[in-house]
Q: 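After the structure tokens below, expect a handful of questions from me.
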Protein chains: 4
Amino acid sequence: MTEPQAATIPRKLPRQARAAATMEAILEGAAHILRRDGLGGFTTNHIAERAGVSIGSLYQYFPGKEAILAELIRRKRAALLGAFQTIAADEALDLPQAIDRLVAVGIDRQLADPVLSLALDYAEAALPLQAETRSLKVALIGTVAGLLARHGIADPAVAARDLIALARGMADLEGLYGEADGPSLGRRIRRAVFGYLGPGPFSSTPLPSGSLK
Amino acid sequence: MTEPQAATIPRKLPRQARAAATMEAILEGAAHILRRDGLGGFTTNHIAERAGVSIGSLYQYFPGKEAILAELIRRKRAALLGAFQTIAADEALDLPQAIDRLVAVGIDRQLADPVLSLALDYAEAALPLQAETRSLKVALIGTVAGLLARHGIADPAVAARDLIALARGMADLEGLYGEADGPSLGRRIRRAVFGYLGPGPFSSTPLPSGSLK
Amino acid sequence: MTEPQAATIPRKLPRQARAAATMEAILEGAAHILRRDGLGGFTTNHIAERAGVSIGSLYQYFPGKEAILAELIRRKRAALLGAFQTIAADEALDLPQAIDRLVAVGIDRQLADPVLSLALDYAEAALPLQAETRSLKVALIGTVAGLLARHGIADPAVAARDLIALARGMADLEGLYGEADGPSLGRRIRRAVFGYLGPGPFSSTPLPSGSLK
Amino acid sequence: MTEPQAATIPRKLPRQARAAATMEAILEGAAHILRRDGLGGFTTNHIAERAGVSIGSLYQYFPGKEAILAELIRRKRAALLGAFQTIAADEALDLPQAIDRLVAVGIDRQLADPVLSLALDYAEAALPLQAETRSLKVALIGTVAGLLARHGIADPAVAARDLIALARGMADLEGLYGEADGPSLGRRIRRAVFGYLGPGPFSSTPLPSGSLK
DNA sequence: AATGAATGAGCCTTCATTCAT
DNA sequence: CATGAATGAAGGCTCATTCAT
């Protein structure tokens, strides 16, 4: 895809409370539109109207629609990254426990807003985003990779990417068409993840034989 | 997303050879545009130009861009479904062998055209497709579910959807950012799949004890 | 209105029965479309489809849509003209009797197909038609004018045009919004017509003096 | 005619003076186009160009060409309605005098712009207008009907519609093909109108008995 | 003669973006 | 800063018409 790289950083940082509120309104409006109309209906005019802000104001805060989308992605990734980092930094957790938590966190966000999540996931994959946004993805994978490496998993970078992709793929479909049963989905994802990682000495509490069903 | 359901079936069947060629040209042009410019650049004018066909001709065969997209999805799914059915019908294969083949087939198609695949996957998930197109997805899942059921897997319908989603999630990202190493990807996907399915009597090479939960 | 004068005569006279049938089918299809969709939906493609004829065939018989419209107008006027001439030629009728008949004939045609009539009336007034078609209108007015002159009406040409316009105006609206009560409409039109003509020696039942002027 | 009811109300009310000027320019441009090219040439692009306004601006104020047409009709009817109400409210006038004035007012407007008037009349009759626009027509008829009722005319609603239709029919044709001699046309219309109303006690110059009815 | 595939000008409309107020 | 009027490129789609088969 070769669309001309667009500016994706907010134009200016709001210094006043009112300005911050305007910016939030725009982003909330954008999320609403994306959820309701998908990427096809994601237009600056609609966003401004929904946000109760003039189109001129919108362009005071964002240089274009790509920037709004990028900011939505950035925030989503940043929140996820923070949660992941906290989990990965917790030395008290063994790998299965850490993965349980990572999966649980990821599922929560996905199921809470499946359509928006799917649209942002696609946008992130398909659109040319700025380096700064991309770096969040790298950090996300890196955090998981570090955790895996610490527990002796081979090829941790590839594994981290695979596992995130796997979980996201399952969660996307469950969100859209399934019954959005988080606990059940979590169990299924963990089975796949642990299968991927293989039987190893990484677990502090080895499970007995005898399958799950 | 509540876009107002668009017509997604071709407008008329070509009666002359020339007409069939035009229709193919349009579909090829559409695939090319989708690959090169993504869903954002997927416009009827671009498609017609790329196909070397007048915009009027395009509308003789398709009532709109949605219909072209739907037809691309339909063809992709139909081809995949055919391959899956052949594999699932082969009684000589045990479950691991059958899964090996399913994964291999799926990977081939995905890696051969990653950007196109991603766009079609997103379109299929996010756009409101017609019943007929959706039925192909159902058939695809059903084929895998039948295979799983025959080998004693519990909850085969959910499992089939999960496994397809899982594999597709991994393959999408590998196609976009990875090294497109099919055999390696295949091995990783299989690990996840067998982990998901759990240790069972289905395997000719039974897994050792110590699986994870 | 200065639209470029278009050809309005049928391209060729059908010599075979099949050809004549095709031409009739086209004209009937055109009337149907005009009735159902108005002048805005009057397109050659729709007409051909409705007529069950290929678009190519349509252009074998008519050089363009204007010609089809013109032919519809021509036929309508010709039929009316024939009826009018018969009435005007009947020496046995006095003026009130003749007018009764003229009005009755006009009303019948208008009420039988009000939407089509209105569209044709507008087309006749607003579109640039060919001399031959226009001449039918002249003949129609002339026929009435001759009748009026024969009974001593002053300014018969203007009167004929006025009376036709008057009756058509009333009939158009009655057709669209009224109860399409022909006899009642006829009575009302005749009151207006005789009022217009004023108390004169034309009637076999002469009116008393005291005109309205 | 069953065209899919289009929006016919202006999109937004102009808040700045500049905006009001733009809206007027659009309406004037639309009137010019209608006059010059008829309904067939009545396109948004032509209107915008003629108005010296971008096509985008046109769509800021009107949701489509139907809305522009509706607004032209609305204004024309509103002006006529105002004049009619003034006349009908004047208790000093007897019926013939009031009718004289109504006819004179109607003729003035029709002859001043015959092509535009004809196009608007047809549009009003043939297009599906909004309730609000239709209500102006009802008010117009109602005003005349009230006047007639006050003077003891039977069936005043039907009579009002008939008389308006009758006058409009005559004026439309006079405007297009006649010599646009207002006074003469007025006299002729009045003859028809009084003939329609019949000899009654309404006139300050009472008619003798012996009407045709 | 008949067919219907093909054409492309042109219509309607949206939308990202700018700029005067 | 905010507003909203204005812009025009561009996209979706139709329709009159031609022409090879």
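Only a predicted model underlies this, so the values are computations on that prediction, with no experimental measurement involved.
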Q: In whole Å, what is the span from the CG atom of A/Leu69 to the P atom of E/dC15?
A: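 A/Leu69 atom CG is separated from E/dC15 atom P by 16 Å.
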Q: To the nearest Å, give me how far apart CD1 (B/Ile68) and P (F/dG11) are.
A: 14 Å
Q: Between A/Gly52 and D/Ser54, which is nearer to the 5' end of DNA chain F once each is assigned its nearest nucleotide?
A: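 Result: A/Gly52.
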Q: Under 4.0 Å, counting only non-hydrogen atoms across every strand here, what does D/Phe62 touch: a base, just sugar-phosphate, or nothing?
A: nothing
Q: Do NZ/NE/NH1/NH2 and the carboxylate oxygens of B/Asp121 and B/Arg77 come within less than 4.0 Å?
A: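 Result for this pair is yes, salt bridge flagged.
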Q: Between B/Lys65 (side chain) and B/Phe42 (backbone), is there a donor-acceptor pair under 3.5 Å?
A: yes
Q: It should be established whether C/Thr22 places a side-chain nitrogen or oxygen under 4.0 Å from OP1 or OP2 of nucleotide E/dA1.
A: no
Q: Between D/Tyr59 and E/dT14, is there a side-chain N or O to OP1/OP2 distance below 4.0 Å?
A: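 Answer no for this pair, as no side-chain N or O of D/Tyr59 is under 4.0 Å from OP1 or OP2.
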Q: Please give, in whole Å, the distance from E/dT18 P to A/Leu58 CG?
A: 12 Å
Q: Which distance, rounded to the nearest 0.5 Å, do you find between the OG1 of D/Thr8 and the CD of D/Glu66?
A: 8.5 Å
Q: Let me have DNA chain F in dot-bracket notation, would you? Count Watson-Crick plus G-U wobble pairs, both distances under 3.5 Å, and use [ ] for pairs crossing earlier ones and | for inter-strand partners.
A: .||||||||||||||||||||
Q: Would you say A/Ser57 reaches F/dT3's phosphate, i.e. side-chain N/O to OP1/OP2 under 4.0 Å?
A: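 Answer yes for this pair, as a side-chain N or O of A/Ser57 is under 4.0 Å from OP1 or OP2.
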Q: Taking the side chain of A/His46 as its heavy atoms from C-beta onward, which of E/dC15, F/dG11, F/dA5 lies nearest to it?
A: E/dC15
Q: What's the closest nucleotide to the B/Val53 side chain, out of E/dA6, F/dG4, E/dT7?
A: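 Selected nucleotide (nearest to the side chain): E/dT7.
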Q: Of the candidate nucleotides F/dT7, E/dT3, E/dT7, which contains the atom at the shortest distance from the side chain of D/Gln60?
A: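 That would be F/dT7.
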Q: Considering heavy-atom distances to DNA chain F, does D/Ile55 or B/Gly56 have its closest nucleotide positioned more toward the 5' end?
A: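 It is D/Ile55, whose closest nucleotide lies nearer the 5' terminus.
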Q: Does C/Thr44 make a side-chain N or O approach to OP1 or OP2 of F/dA16 shorter than 4.0 Å?
A: yes
Q: Hey, does the side chain of D/Arg11 reach the backbone of D/Tyr59 with a donor-acceptor pair shorter than 3.5 angstrom?
A: yes
Q: Quickly work out the D/Met23 CE to F/dA6 P distance and round it to whole Å.
A: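 One finds 11 Å between P of F/dA6 and CE of D/Met23, rounded.
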Q: So how far is it from D/Ile55 CD1 to D/Ile47 CD1, rounded to the nearest 0.5 Å?
A: 8.0 Å
Q: Output yes when C/Arg134 and C/Glu124 qualify as a salt bridge under the 4.0 Å nitrogen-oxygen rule, no when they do not.
A: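 A salt bridge is absent here (no side-chain N lies under 4.0 Å from a carboxylate O).
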Q: Expressed in angstrom and rounded to an integer, what is the separation of A/Glu49 atom CD from E/dT14 atom P?
A: 12 Å
Q: Tell me whether the side-chain N or O atoms of A/Asn45 pair up with the base of E/dA16 as donor and acceptor below 3.5 Å, since no angle test is needed here.
A: yes
Q: Tell me which nucleotide among F/dG12, F/dA5, F/dT17 gets nearest to the side chain of B/Lys65.
A: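 Looking only at side-chain atoms, B/Lys65 lies closest to F/dG12.
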Q: Between B/Arg11 and F/dT14, is there a side-chain N or O to OP1/OP2 distance below 4.0 Å?
A: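 Yes, B/Arg11 has a side-chain N/O under 4.0 Å of OP1/OP2 on F/dT14.
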